[in-house]
Structure formats: structure tokens, C-alpha cells
Amino acid sequence: MVDWADKGFTRRMLEKTFDPVNAEARIYTEWEASGAFDPSKADASAEPFTIVIPPPNVTGSLHMGHALNNTLQDILCRFHRMRGKAVLWQPGMDHAGIATQMVVERQLAADGNEDRRSMGREAFVNRVWKWKEESGGQILNQLRRLGASCDWSRTRFTMDKGLSEAVLKVFVQLYEEGLLYKDKRLVNWDPKFETAISDLEVENKEVDGHFWHFKYPLEGGETYEFPIAFDDNGNPTEWETRDYISIATTRPETMLGDGAVAVHPSDKRYAPIVGKKCLLPLADRYIPIIADEYPDPDFGSGAVKITGAHDFNDYQVARRNDIPMYILMDTKGRMVDEPYVPEKYRCKDRFDVRKEVVADIDQRGLLIMVEDKKIMQPFGDRSGVVIEPMLTDQWYVNAEELAREAISSVESGQAKFIPENWSKTYFQWMRNIEPWCISRQLWWGHRIPAWYTPDGSTYVGLNEADARQKAEAEHGSGVTLVQDEDVLDTWFSSALWPFSTLGWPTDTPELAKHYPTSVLVTAFDIIFFWVARMMMMGLHFMKDEKGSAVIPFPEIYIHGLIVDEKGQKMSKSKGNGVDPLNLIDKFGADALRFALAAQAGQGRNVRISDQRVEGYRNFSTKLWNAARFTEMNACAVDENLDLTSAKETLSQWILSETATCARAVTEGIEAYRFNDAANAVYRFAWNVFCDWHLELAKPILQGPDGPQKDEVRAVTAYVLDQILILMHPFMPFVTEELWGARAKRDQHLIMTDWADADAIPSNESAANEINSLIDLITEVRSVRAEMNVPAGAKIEMIGVALSNENQALIDRHQDLIGRLARIETFSNAKEAPRGAIRVIHNDAVFALPLQDIIDVSAEKKRLTKEVAKIEKEVGVIDKKLMNEKFMSRAPTEIVEEQKSRRVDYQKRHAKLQEALVQLSDL
RNA sequence: GGGCGGUUAGCUCAGCUGGAAGAGCAACUGGUUUACACCCAGUAGGUCGGCGGUUCGAACCCGUCACCGCCCACCA
């Protein structure tokens, strides 16, 4: 073992297989220590390349979605780093208000501690911080295991000091600009977490529900004629006398808060009673029957109960018509203790009250019927409980205003979604955007910087002193100020991530260099939550020298979701999640990363399975063994190798192929076609380099010393280096390990220059020659296998009346053909011996005389089958060539191509026929 | 109700600008030649969801239908 510690490398003979468990941790430490992740260590002139990580929740642990998202980001970062950019991959975490508060509260309960309310706010928040320091952020270490090359020295947290300052500054400025305000309106209320949530945090799900039809008796026993039968023209033919109005509801408990019953103004059935009153049963109040555009006469009875404080539609109707709104429930979804709620229901849970209300209505003979019905019901995305629309005071951002610039920057192409069709999703939401409710009735988060005086005035400031100054200017000194109890939606701080993490509001060098970032990589499920809001905030707060808004990222790459083998979305509730760390333990991080990248086709979800990852582990082993082979054959890296001086056809061919591969990988990554890039390097490494180059090189490598051997050794080493380079973004660990083990290097692979396809010489005739050789060997192998020639049998091959060109191919590569196609002796003849098998290669015929082995009927069958295939192909071509329109309208090169294909087929056909004729004699 | 995507080999998916249907896995056959059985060599398997249209030519473009997914939406 040679110790190259002076370079930070340890040179050792390669073990039989790669040991990821051991190597990954060691290599990661080396990278980090070398400063590779730190863009400030890059050349001062280097162009920046910047990605901000989608900050994982501080409570999070690595799941497959993270693994995919971060693998793709890491591929981009490593690629651009190798291309000489000053790469900043900005890491960090999100404080995840609800999730974190939940975790700590659960922990308190489990430990038998007092709950947060009895602890008090300050003690609880301290407790959360303590939790964060001790057990938060596990995920960052898990990202290291994946190989993520983030600049960890810059790790930020949405609740840290700098980011909190950014939040305050944004809040205050938006408030002063009138883009952020407090309002009393209906919000989505989560009775489990006892907080408001935004529209986006509500999941509407179809559930089995009921549609209850109630009678609301008319005041004073009044009656009217209600039509119940109609003729073909829709005119009523039969009536019944009613002393009630029929309404229907899916939420009977809300009737206690009804302020009116509404019917459509054009609805003739109810015209006689509009303006009258009906009894609200149970509550024993009389409520008006009003006309409003909202009710659909064709739905249900056409009459709608109006519960302004608990339904978004009713709220609008109530406001339009000045109908009183009764808040029925408390923060936990229990009926309030208020005079307008009948005593028997007070303080009871909403769903218990529902049952009681139905029973009580029924008991009074007012229940008309109950229908089973699928209904769309709103649920809290985190709590899973039914969301209750509630009338409360909350803070809002005028998203409509901020959306304007965010929309136009995508319309103009300044910011571009990849794949492009996601911009439609973005537009659709942005163009119909509602005010964003940003206040949360939680304790963990950025506390809203608003203070109230006893008389209800509001003062917003960066801190209490700032607010006090403003308050005292109007209220005189010594005014009592009470801060708003609420905190901000976590996404409010996430929206600032692309600039807050770079130091804003301070004017830092990092901000100058790395904003705007280069690309955002994320999944489509947070386009609204995060991408849209970063666009809005970035454009509003970041301006260039001319004062124009600056987008946070010019490109937004949207990848798919991870799904299981059956195509089901992975989720905790389904229990079908696959733990990426498990897969890393089992197969190594490289294998997992490659599996993810190789399947990350644009616009497609990624299916992950053990089998797939295992396959790519095998690939890394394959590469490892190829490297062992080069080591055993003394293929030493020669830094002074002049590629253009390579004389061997084999060298020229593999260099040409290397250039092609380098081009494909580079273009693939540049176009965010990760699957194409991964597959290109996979095929080249395995199917070209290992399967053919190394096999073709063996006779030389194992032959006598000399310039030929020296060249092939050096070229082979060079090509393997290029493979390591091209594969590094995908499989960083095994490639780095091999890189360091194969030679004494100036730098780790992570910092090595990317392959330059244009600098690798290509030679078309060499490429053609070797590819023809490969075809010939493949053909011989195929025929042998098909004719059941024993694998070990060494046989004779006779060239039949070969052209000079074909003769040359044989002469030049006899060894290789012999070795790889198992040919013992070569000879020539004017005619194929009777009963020999024929291999037809281009325009050449080779005979394999195998009388004792050959099965004549099998050979006839083989040849006949091919003849038929060719005749079919020729038929297709002839049809085209005899089609005048084809001949006159198709481009000449297509016509020529068809003609030349026909010639080739004809030649082959003739040779096959000849063979068949000869066989028929036997 | 609106929007987006999908339907290609047994399975999972490529197929980019219309011009000879591809890969991986699985299956089958054969292999202990000193890089690799986490391997090697080979074989089979497709009416490109259906129907129309455009075109000299369609897996690809247009229309339509069917089925499958996802997102958005206030029908009480």
C-alpha cells in the first residue's frame, strides 16, 4: 500500500468489490474538508451557479421525495462545479410551524409534562428551541449520506436571527404599502390545531354524507300553493298547499346559525313568500325569506338556508343582504355558550350536535327525508379533521397585487418552467388567486410584529420600540401596547428563502453574487405553496440597479413524484413508503442516486423498487471491476498523453465513442434530461467500454510490450478517467474512490474539469472499422448459439471470395475474431464447402464448416426465416419506390436511402438464396 | 365543472425535428477461458388504446371516443 497522504488520498490496491458503507463516509469527509462545497474557494472570476435547497422541515427525516429532489440538485451542482463554476448549493431548514409544535406537544404529553397552555408561551417556545437543538435537523445529516454537496457552513434556518429580520422587514414594508392587512372574514379553521389555515392547506375529499331535508314552518301558519307536477312545457299542472319552506343541508348543526332562507328571484314557486318569515326550528327564531341570485332553482328544493358565519357562499349572501351572522362554534369546534344557541346544545361537539339536531327536527315532524350523498368535504392537510369555515380576524397578504409581476415574468419568459406545461398550472392558480391568510394561532413561528393599544389601534413595526414610537406619536407616551398573539404561516418565511438565506436585508457579497439563483429544482406539489410565493416576494423585494424587479430564478425544473412499484403515491398513511436510507445501507448511495436519475424523465413520476436500485449497484460493481482490470493490466494514467497521436484503430475508435458519450451526457444534463444523461453514460461504460473495448484490448494488453501496448494502456486509462468524470454527478462516491485509487492526482474528482467532447479526437473510419468488427463477431456468435455449436468448440472460418476490404478486416483482426467468436483457424475459398453454416456480414460470406455438428433442417429453417424477413422489407421499400408521389415529393436523401437499403438487402438475399440452394442438395 | 398528463414487449419505461419499433428487468437457451455469477454469450416477445383525418410517409401532427392517473373548483 502506497500512502499518498500528502494529497489527502490513500492509494491502495483495489479490493474485490467496492465497500460503500466504509467509503462513503470517508469520502464525504474528504470533500467537505477540501473546501469543494464552498464557492468562496473557487476562482474569483468563476461564474456563479446557485441553487437554494427546498428547505426540509426541521422535524423531517429523509424520504424518497427528498432523495430524488436532492439527487437532481446535486447532479446539477457537481456538473457545474466540474465546469468551473463557483457553485453555491445553499442548504437549510424550515421551522415548520404546525408540524414542529405538534411534535413537541406530543413529546410533552408522552413525558407526562404539563401541556403548552399551562407551561405558558415563553417556556413552550424555549422548549421547542431545545428540541430543535437536540433532535431537529436529522435530515441534514441524511442528505450528507446521499452525497449532497451543499455548503453546510452556510446552513440557515427560517427562525434564525437573520431570516427573522428578513421576515419582519417584509411584513412591515408590505403593511406600509397596504399589501398586507388585517381583516375579519371567513377562514378555514382547523379545530384540531385551533388555528386558521390557508386555502392551500385544505384538502377537499369526496366522502359519503347525507343530505337532510327540513321543513321551516312559515310564520303565523301562513300557507302558499307550491307546484308539484308540470306539463311538457314546464308549466305547473298540480299544486299542494304548504305551510313551510323546504331546505336541505349536509351540515344540520349549522342551522342553528341560520340568518335567512334564500331563493332565486326568478323562482316563481317561492315568489309568494319572499319577504315573509319562517321559523328557525330548535333555535325558535324567525328568519326572513329573501331573494338572491345565489340559489340554483334546479338544485334541491331551490331554497337555501343562509349560515353566514359558517359557509363561504352563505357568507357572501349574508353580506350582500345584511343578514346577521351567528358564530356557532369555538376554536375546538364545540357549540358556543351563547344565548342564540339553544341551551341543550351548548359546549357540545359539532358532530354530536349534528345527531341531536336531526333527531330533534325529526321529533318535531319537520324532517322530510334523508338522502345518501357523496359530498366534497374539506380536511386539514396535517390534522386530517374536517375544516370549519369560521368568522375570525386574521392577517392577509394581497396576493392578487403581488401576483401581477409574478405572472408577467413567466409570460415574458424571464422565468421558465421545465417542462414548460407547468406554467399553465402556475397561471391558472395565479390568475385566480385569493388573499393569502398568513396568521396562525400557534406559538412556534415568527410572531406577528403588530401591537395594539387598549382602544384597538394597530401599530406595526420591526420591534416593540419601533411600534411604540409610532403609537406614542398618536397616543402620547406610556400607552400600553399588547403584541398580536399570532405567528406567521411558515410559507411566509419560505417565500423569502432565495434572498433571505443570502443575507438580505443586509447587502452581502453573497447576495450580489448569487441572486438571482440559477435554477429551482422542486416537485409540482409545492408550486403554489412555495414557487409562486417566492416569485411574488422575490420580484417585489429584489430590484436591480435600474429598479427593475429581479426574478429569484430564471429556470424552474419540476420533477415528478416518487411512487411505489404499483404506481401509488408514497405516503405515511398508506404505509407504502420506502426508506431511502435503507436502500443506501443495502446498495449504496450511488446506486440509489443513479436509479433516481435514470428514471427522472421529464413529466413522469419515478417508480422505485429494490430491484431497480440493485441493478445500478451492479453497475457500480461493474465499473469497479473494470477499474480492477485496468489496474491489473497496468493501464496507468498518463497526464501527458497526446490523444491525437493515438495510432491504433482500437484507440481511435474508443476515443470517438468517448467523445460521443461525453456530448450526450453534457447535453442531457444541460437540458435537464437526467434520464438520457444517465443512460448514455451507463451504456457507454458497460456496453461499449467493458463489453467491447476491454475485450478487444485484451490481446494487446496481454501481449508483448511495445509502443502498441503502451498506447492502448494509456488510452484505456484515459477513457476510464473520462467515464469516472462523466459518471461523477450521478455516482459520486464510487467514482471518487476509483479516481483517487488509480493515480496520484492533484485534485479530487469532485473538482476535476468536466470532459470536453470537442477536445477528444474522433475518427470516423476507425469507428466504422471497429463497429464492423463488432458486428461480425456478434453475427458469428449468434449463428453459433442458434445452431447449437458447443460454446467451447473452436471452429474453422472460411472467407468465401472476399473483397479486398473484407479480407483486410479479417487480416487485421484475426486474433480478436478468433478470441471473441471462438474461431480456431482462418482460411479462404472460392466457394463455401457443402453443408457449411454461412455467416453473412455486409457483402461478405463466411463459412463455418461443421458437418458433424450441423443440423441441415435447422440451418435451412434459419436461412429461410431470414429470407422471408428480407423479402418483407424489400417489399415495403419497393412499394415506396414504385409510388410516384413518394418519388416526386419525398426529399432526395430519403429516396436515396431507400434505394441503398434495397441494394444491401438484395445482396444479402442473394447470398442467402445461394446457401439454401446448396443445402437443398444435401 | 375546469385544467394537466398517460395508454409502446409479461413488467417499468425511452423513442427529442414525421422517414428502418428500443432499453432495463423478468422469461428461455448456453457458459467455472486469470476484471466481474452483483458476470458473460445468445434467443424469443409489439396491429405503438380504438376509430377517423392530414401527409408520398404517422408511435410521433389534427379530430374523436374509451379507459387510467393527478391538480383545481362554493352546488346548499
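Here is the naming used below: chain letters follow the sequence lines, and residue numbers restart at 1 for every chain.
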Pairwise P distance for C38(B) and A26(B), with rounding to whole Å: 12 Å
Check: Phe587(A) ring centroid to Tyr616(A) ring centroid under 6.0 Å: no
With a non-hydrogen cut-off below 4.0 angstrom, is Gly668(A) in contact with a base, only sugar-phosphate, or nothing? nothing
Going by modelled atom types, is there a donor-acceptor pair between the base of A41(B) and the side chain of Arg781(A) at under 3.5 Å? no
Suppose we define a pair by two distances each less than 3.5 Å, Watson-Crick or G-U wobble; what does C39(B) pair with here? G31(B)
Does Lys622(A) make a side-chain N or O approach to OP1 or OP2 of C40(B) shorter than 4.0 Å? yes
C48(B) to A41(B) separation - C1' atoms, rounded to the nearest Å: 30 Å
Answer with base, sugar-phosphate or nothing: what part of the nucleic acid does Lys865(A) contact at a heavy-atom distance below 4.0 Å? sugar-phosphate
Contact class for Trp686(A) (heavy atom, under 4.0 Å): base, sugar-phosphate, or nothing? sugar-phosphate
Should the pair Tyr672(A) and Tyr557(A) be assigned to parallel (<30°), tilted (30 to 60°) or perpendicular (>60°) ring geometry? parallel
Aromatic ring proximity Tyr216(A)/Tyr244(A), centre distance under 6.0 Å: no
note: Phe211(A), atom CZ; A76(B), atom P; distance rounded to Å ~ 6 Å
Is the cationic atom of Arg908(A) (NZ for Lys, CZ for Arg) positioned less than 6.0 Å from the six-membered ring centroid of Tyr905(A) and within 45 degrees of its normal? no
Describe the nucleic acid contact of Tyr294(A) in one word from base, sugar-phosphate, nothing, applying a heavy-atom distance below 4.0 Å. base
Rounded to whole Å, how long is the line connecting atom CG of Asn432(A) with atom C1' of G2(B)? 10 Å
So what does Phe312(A) hit on the nucleic acid, given a heavy-atom distance under 4.0 Å: a base, only sugar-phosphate, or nothing? nothing
Which is more 5' along RNA chain B, the nucleotide nearest Gln898(A) or the one nearest Thr250(A)? Just name the residue. Gln898(A)
Distance between C1' atoms of C74(B) and G18(B) (Å, rounded): 46 Å
Grab the CG-C1' distance between Asn687(A) and A41(B) for me, whole Å please. 13 Å
Glu253(A) CD - A76(B) C1' separation (whole Å): 13 Å
C13(B) phosphate, OP1 or OP2: any side-chain N/O from Arg607(A) under 4.0 angstrom? yes
Suppose you measure atom C1' in A20(B) against the same atom in G31(B); what distance do you get, rounded to whole Å? 33 Å
Any base atoms under 4.0 Å from Met887(A), or only sugar-phosphate, or nothing? Heavy atoms, all strands. nothing
Spacing of the C1' atoms in A23(B) and U8(B) (rounded, Å): 13 Å
Passes side chain to side chain donor-acceptor pair (under 3.5 Å), Gln428(A) versus Thr425(A)? Steps please. CA-CA 5 Å; Gln428(A) 202 193 335; Thr425(A) 305; 5.7 Å; no
If the C1' atom of A27(B) is compared with that of A66(B), how far apart are they to the nearest Å? 32 Å
Quick one: is Arg604(A) getting a side-chain N or O under 4.0 Å of the A14(B) phosphate, OP1 or OP2? yes
Considering just the side-chain nitrogens and oxygens of Asn618(A), establish if one lies under 4.0 Å of OP1 or OP2 belonging to C39(B). yes
Looking at every strand, decide which applies to Arg251(A) at a 4.0 Å heavy-atom threshold: base, sugar-phosphate, or nothing. nothing
Looking at U43(B), I'd like to know if its phosphate oxygens (OP1 or OP2) sit under 4.0 Å from a side-chain N or O belonging to Ser782(A). yes
How about Glu893(A): does its CD atom have over 12 heavy atoms from other parts shown lying under 6.0 Å from it? yes
Atom pair distance, as rounded to whole Å: CG in Leu623(A) and P in A35(B): 16 Å
How would you label the contact of Tyr905(A) with the nucleic acid (heavy atoms, under 4.0 Å): base, sugar-phosphate, or nothing? base
Given that Gly603(A) and Leu694(A) both sit by RNA chain B, which one's nearest nucleotide is further toward the 5' end? Gly603(A)
Base, sugar-phosphate or nothing for Thr425(A)? Non-hydrogen atoms, less than 4.0 Å. nothing
By the 4.0 Å heavy-atom rule, please label Thr778(A) as base, sugar-phosphate, or nothing. sugar-phosphate
What integer number of Å spans the P atoms of A59(B) and C51(B)? 13 Å
With a 4.0 Å cut-off on heavy atoms, is Asn421(A) in touch with a base, just the backbone sugar-phosphate, or nothing at all? sugar-phosphate
For G15(B), take OP1 and OP2 only and decide whether either is under 4.0 Å from a side-chain N or O of Arg673(A). yes
What orientation do His693(A) and Phe689(A) show, parallel under 30°, tilted 30 to 60°, or perpendicular over 60°? parallel
Do His264(A) and Glu293(A) have a side chain donor and acceptor closer than 3.5 Å? yes
Base, sugar-phosphate alone, or nothing: which one does Asp691(A) contact when heavy atoms must sit under 4.0 Å apart? sugar-phosphate
Have a look at Lys698(A) and say if it touches a base, only the backbone sugar-phosphate, or nothing, with a 4.0 Å heavy-atom cut-off. base
Per the atom types in the model, does the base of A35(B) pair as donor or acceptor with the side chain of Glu695(A) at under 3.5 Å? yes
Measure CG/Asp904(A) against P/A20(B) and give the value in whole Å, please. 14 Å
If I take atom CZ in residue Arg683(A) and atom P in nucleotide G15(B), what distance separates them, rounded to the nearest angstrom? 13 Å
Between A21(B) and C67(B), how many Å separate the two C1' atoms, rounded to a whole number? 24 Å
Which part of the nucleic acid, if any, lies within contact of Lys424(A), taking any heavy atom under 4.0 Å across all strands shown: a base, the sugar-phosphate backbone alone, or nothing? sugar-phosphate
